[in-house]
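Everything numeric in this text was worked out from a predicted model, so none of it was measured. Numbering of ligands and ligand atoms starts at 1, following listing order. What you see below is based on every heavy atom in this structure, not just the backbone, and it leaves out hydrogens, waters and symmetry mates.
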Amino acid sequence: MCLRRTLLWDTWFSKIPERGVDPDWLPFHPDPSQPHFAPPAGAVDAHCHVFGPESAFPFAATRKYTPCDAGKEKLWALRDHLGFSRNVIVQATCHGADNRALVDALVHSDGRARGVATVTQSVTDAELAQLDEAGVRGVRFNFVKRLVDKLPHDEMRSIADRIVQFGWHVVVYFEAEDLEEIWELVTALPTMVVVDHMGRPDTTRPVEGPQFQRFVELMDQHTHVWSKVSCPERLSNIGPPGYDDVIPFSSYLVDRFPDRVLWGTDWPHPNMKSHMPDDGQLVDIIPEIAPTRALQRALLVDNPMRLYWPEESRLKPLLQS
Ligand code: 0GY
């Protein structure tokens with residue numbers, strides 16, 4: 001299957017690594033549609049990744065999957081195609097705590113990309129300062145068991161304490177059923193906290209049901225917690241083009257917390273098994289979850305600018321929690 005795709009879409013991949021892409025790996029969409037929705041000027045895709053290229057930036061030995069290369073040039077081309085201006089690149093687990101591919105993308109982005117890194121406790125202050133200089137503005141703590149080995153909470157807490165000096169924040173990725181386990185850590189973090197993909201709710205359950213409302217409580221009670229209203233393709237049981245079962249969850253958060261939500265493509269969509277989304281269709285969902293120009297501007301420009309380009313933001317800098 002992957003071989004057939006490779007032959008068909010050969011020109012889209014710089015190199016298939018010798019170690020071998022996962023046999024069931026779905027490559028990113030080769031020809032995303034032109035969205036009908038025009039994002040506001042200065043829009044930020046606040047969740048995407050770069051993979052490799054492996055020949056320059058080998059994947060981590062600890063990785064749980066081996067993707068196809070998805071380098072920075074492809075990401076810039078997608079940004080322009082979709083009508084966006086900037087990217088926030090999140091370190092993917094296949095690169096572990098080796099942030100070289102991320103840093104390479106940031107320093108070659110002409111100031112149009114900022115990053116979220118993965119670091120371990122052994123990172124030095126000098127290394128953190130170098131990452132900051134390159135454009136990193138946060139670290140990611142990943143709790144998704146299929147993606148990473150478990151890291152003790154006190155290690156995460158000590159990393160969080162050390163990034164405060166840079167004004168960075170923490171991005172957390174977890175599954176809805178793990179929220180209770182990490183509640184204490186997340187609510188006590190000394191930085192802003194951004195939750196990936198709405199905490200991955202089970203979208204077969206109601207928005208008003210206890211699972212999603214517990215996540216809403218987290219955001220209600222803790223104003224340092226933000227959420228990405230991203231990844232309908234991962235959360236949907238219905239699928240494209242509209243991902244209609246996910247819209248009520250994302251629109252609920254946008255409506256209730258308009259100044260604490262972010263949106264991202266999640267390109268190149270690692271570990272998708274059911275299908276590979278058309279990024280143009282994902283953009284066309286935005287007006288469904290943020291129906292007014294004011295909400296769209298908050299979601300796509302003001303909120304991400306405040307967090308990632310505070311020096312250029314028209315809004316006041318955020319205070320640490
Ligand atoms: C995402 C989701 C996934 C993967 C990663 O860093 C990663 O490997 O984040 C996933 O498999 O759900 O946000 O890209």
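- Contact detail for Met276 and Pro27: the closest heavy-atom pair is CG-O, 3.2 Å.
- The side chain of Asn271, and not its backbone, has at least one atom closer than 4.0 Å to an atom of ligand 1 (non-hydrogen atoms only; side chain from C-beta on).
- With a heavy-atom cut-off of 4.0 Å, Arg200 touches ligand 1 through its side chain alone.
- Aromatic ring orientation, Phe143 versus Phe141: perpendicular (interplanar angle above 60°, classes split at 30° and 60°).
- Residue Asp266 places a heavy atom under 4.0 Å from ligand 1.
- For the pairing with Trp263, the ring-ring contact (aromatic ring centres under 6.0 Å, His included) check across Phe37, Phe84, Trp226 returns one residue only, Phe84.
- Ligand 1 places these atoms under 4.0 Å from at least one heavy atom of His197: 1 (C), 13 (O).
- Screening Asp266, Asn87, Thr265 for a side chain to side chain donor-acceptor pair (under 3.5 Å) with His47, the sole residue that qualifies is Asp266.
- Salt-bridge annotation for Lys150 and Glu181: present, with a side-chain N of the basic residue lying under 4.0 Å from a carboxylate O of the acidic one.
- Looking at atom 14 (O) of ligand 1, its nearest protein heavy atom turns out to be His49 NE2, 2.6 Å.
- No part of His269 comes within 4.0 Å of ligand 1, judged by heavy-atom distances.
- Interface of His47 with ligand 1, defined as ligand atoms under 4.0 Å from a residue heavy atom, comprises 1 (C), 13 (O), 14 (O).
- Remark: aromatic rings of Phe215 and His197 are distant, center separation not under 6.0 Å.
- The closest approach between a heavy atom of Arg140 and any atom of ligand 1 is below 4.0 Å.
- Under the side chain to side chain contact (heavy atoms under 4.5 Å, CB included) test applied with Val139, the options Val172, Leu131, Ile163 reduce to a single match, Ile163.
- Of the heavy atoms in Leu147, only side-chain atoms (C-beta onward) come closer than 4.0 Å to ligand 1.
- Met272 does not count as a contact of ligand 1, since none of its heavy atoms falls under 4.0 Å from the ligand.
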